[in-house]
2 protein chains.
Amino acid sequence: MVPNQNHRFKPRKQPVQARSEATVSALFEASVQVLLAVGYRKLTTTRVAERAGVSVGTLYQYFPNRQALITSVIERYLEEISASVERDCEVLNGRRLDEIATGLVDAFIDAKWKRIDVSRAMHEPLVDVGGAKLVRAAATKGAGFVANVLASCSDAEFPDVHSLALFVVMACSSLLQAAIADHAGSVERNMLRVHMRALVFGYLREMRQPKPGEMQPPRLRRRAIV
Amino acid sequence: MVPNQNHRFKPRKQPVQARSEATVSALFEASVQVLLAVGYRKLTTTRVAERAGVSVGTLYQYFPNRQALITSVIERYLEEISASVERDCEVLNGRRLDEIATGLVDAFIDAKWKRIDVSRAMHEPLVDVGGAKLVRAAATKGAGFVANVLASCSDAEFPDVHSLALFVVMACSSLLQAAIADHAGSVERNMLRVHMRALVFGYLREMRQPKPGEMQPPRLRRRAIV
DNA sequence: ACCTGAACACCGTTCAAGT
DNA sequence: ACCTGAACACCGTTCAAGT
């Protein structure tokens, strides 16, 4: 009666996976659509399943709970952002500090604004799901990339590029998140660009290793830390 | 039968208000306690009412829904933070830029860290409730204060102090929010302090109005904005 | 292997009834 | 004027039954 003993060890997954992968993809897309359509608060598992053309039970076959579904959706989104930023950063290798600071900020802003509606809609679920860890993970990965760019800077040297990079990435992403969550229309986007460029450039200039013999502009005194 | 026509216009609110104010206070405190004890996800209206020693129905007599309750709690929290920052900033009037930048950052960090558990616990509800508006409101108010400090700076002048102040406040609060939501123990607090001081100082230096005849260090070129 | 959908527990919110 | 708590609607999650 058992057709093939083997099926327990090497089940014919090909068609099986194809079906289930299609289902999972549908669930992802449905999640984003529902999120955009009715907002996070009204995003119910039933609604997502419905939109994906399956029943709730099926959803729970692939995700242990609502949070896990949302977490996956967010991970995808963060990967898109990271990839976009990294792509834009490649041209910055070996450039001057001002070019790097400007390019970095622009890369972030462009990445977030490419799908501004999604970026905005993603904020709530991101936090609800404990996204700090996910963001930190994505930021750490992205920071590796940024660190290389910093190390390649033609007119400045930095101690501990990795810490600086991580801080820059965290600052950019948290600031953008806040600005986008607010309501920042495209009116404010260019303001944000100008200010963030100065922020990152000013920070990196402040943190750079002074070249021997260089005329020193006033630097920030390291005051006692309580 | 009607004891006093007047009561419709001037009801004896004194004892009445005293009772209800006590109830409202109890609900606020209970909310924070429940939040700290079981987290936002498990903060149910029944649980809050229970902890406050009243029934759910009573809670709904004072707050139209769960969100309104949480919003009020958050408003209180934001006011505390603002007040703390403002208090710490008063001594910065007329100081040098480096002192102002350092003092500002320290004021923020200290305010958030005073009740770090509350700050951390407050992040989720803040976002869930659409706190961007509340934060923006608090930030705008705080920015007025910071703008005055900037205007009083003894060794630098700024164009449009108000914009700069708002940006600094937003940057500080969003960065701290992200760092705290993450898990930043006290280990990371001093790192954060150092980096944030450089961030704010570097930004403000970059944005200041150059004094006539001053030796200009390289400034950020204003590049074309896409 | 994958899907279905009725059923259950739980939570926000209401409202008729109390003091 | 203020409080109570059972009742209702809705949502996340499960699971026995299908193909």
Side-chain angles (χ1 to χ4, degrees), chain A residues 1-27 30-31 34-35 38-73 125 128-129, chain B residues 1-27 30-31 34-35 38-73 125 128-129:
Chain A
M1 284 303 161
V2 176
N4 185 354
Q5 269 283 22
N6 231 9
H7 83 286
R8 258 184 290 156
F9 302 96
K10 278 200 167 190
R12 282 176 293 144
K13 275 200 213 154
Q14 225 44 46
V16 170
Q17 280 199 346
R19 254 200 286 172
S20 60
E21 268 174 30
T23 303
V24 170
S25 277
L27 286 169
S31 297
V34 171
L35 192 61
V38 303
Y40 186 54
R41 172 143 309 157
K42 290 180 188 166
L43 182 152
T44 68
T45 49
T46 310
R47 224 189 287 246
V48 169
E50 197 171 79
R51 184 116 190 183
V54 296
S55 79
V56 229
T58 299
L59 187 158
Y60 280 91
Q61 197 176 317
Y62 295 101
F63 301 95
N65 48 47
R66 195 182 100 123
Q67 286 217 57
L69 168 66
I70 300 300
T71 301
S72 292
V73 171
D128 180 49
V129 119
Chain B
M1 285 303 159
V2 175
N4 184 357
Q5 269 284 21
N6 230 8
H7 84 287
R8 257 184 288 158
F9 303 95
K10 279 199 167 192
R12 283 176 293 141
K13 275 200 210 151
Q14 225 45 45
V16 170
Q17 280 199 345
R19 254 202 284 172
S20 59
E21 267 174 29
T23 302
V24 169
S25 277
L27 286 170
S31 297
V34 171
L35 193 59
V38 303
Y40 187 54
R41 172 143 309 155
K42 291 180 188 165
L43 182 153
T44 68
T45 48
T46 310
R47 223 189 287 249
V48 170
E50 197 171 79
R51 184 116 188 182
V54 296
S55 80
V56 230
T58 300
L59 188 157
Y60 281 91
Q61 198 177 315
Y62 295 100
F63 302 95
N65 49 45
R66 195 182 99 122
Q67 286 217 58
L69 169 66
I70 301 299
T71 301
S72 293
V73 172
D128 181 49
V129 118

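Treat the numbers as computed from the prediction; the structure is a model and nothing was measured. Below, read A as the first sequence line, B as the second, and so on, with proteins coming before strands; counting in each chain starts at 1.
Residue contacts shown for A:Val54 are limited to sugar-phosphate atoms, with no base heavy atom under 4.0 Å away. Among the atoms of the strands shown, only primed sugar atoms or phosphate atoms (P, OP1, OP2) are found under 4.0 Å from some heavy atom of B:Leu43. A:Thr58 comes within contact range of at least one nucleobase, with a heavy-atom separation under 4.0 Å.
The phosphate of D:dC2 (OP1 or OP2) has no side-chain N or O of B:Thr23 nearer than 4.0 angstrom. Between A:Thr45 and D:dG12 there is a side-chain polar atom (N or O) within less than 4.0 angstrom of OP1 or OP2. Close to C:dT14, at under 4.0 Å from its OP1 or OP2, lies no side-chain N or O of B:Tyr60.
Going from atom OH of B:Tyr62 over to atom P of C:dG12 covers 20 Å, rounded to whole Å. Per the geometry, CZ belonging to B:Phe63 stands 12 Å off P belonging to D:dC3, to the nearest Å. Look at CZ on A:Arg47: it is 18 Å from P on C:dG5, rounded to the nearest Å. Distance A:Leu59 CG to D:dT14 P: 11 Å, rounded to the nearest Å. Atom CZ of B:Arg66 and atom P of C:dG12 are 6 Å apart (whole Å). A:Asn65 has its CG atom 17 Å from the P atom of D:dC11, to the nearest Å. Whole-Å rounding puts the A:Gln61 CD to D:dT19 C1' distance at 13 Å. One can place CD of B:Glu50 at 12 Å from C1' of D:dG5, the figure rounded to the nearest angstrom.
Minimum interatomic distance between B:Leu59 and B:Thr45 (heavy atoms only, all atoms of both residues): CD1-O, 3.6 Å.
Pair check for D:dT13 finds C:dA7; Watson-Crick or G-U wobble, both atom distances under 3.5 Å. The partner of C:dC2, taking Watson-Crick or G-U wobble pairs whose two distances both stay under 3.5 Å, is D:dG18.
Comparing A:Thr46 and A:Gly57, the nucleotide of DNA chain D nearest to each residue sits closer to the 5' end for A:Thr46.
In this structure, B:Arg66 and B:Leu43 have side chains that are in contact, with non-hydrogen atoms separated by less than 4.5 Å. B:Pro125 has its side chain out of reach of B:Val73: every pair of non-hydrogen atoms, C-beta onward, lies at least 4.5 Å apart. Residues A:Glu50 and A:Val34 form no side-chain contact, since every pair of their non-hydrogen atoms from C-beta on lies 4.5 Å or further apart.
Under a 3.5 Å cut-off, the side chain of A:Arg47 and the backbone N or O of A:Lys42 do form a donor-acceptor pair.
With distances taken from any side-chain atom of B:Ser20 to the nucleotides C:dC3, D:dC2, C:dG12, the minimum falls on D:dC2.
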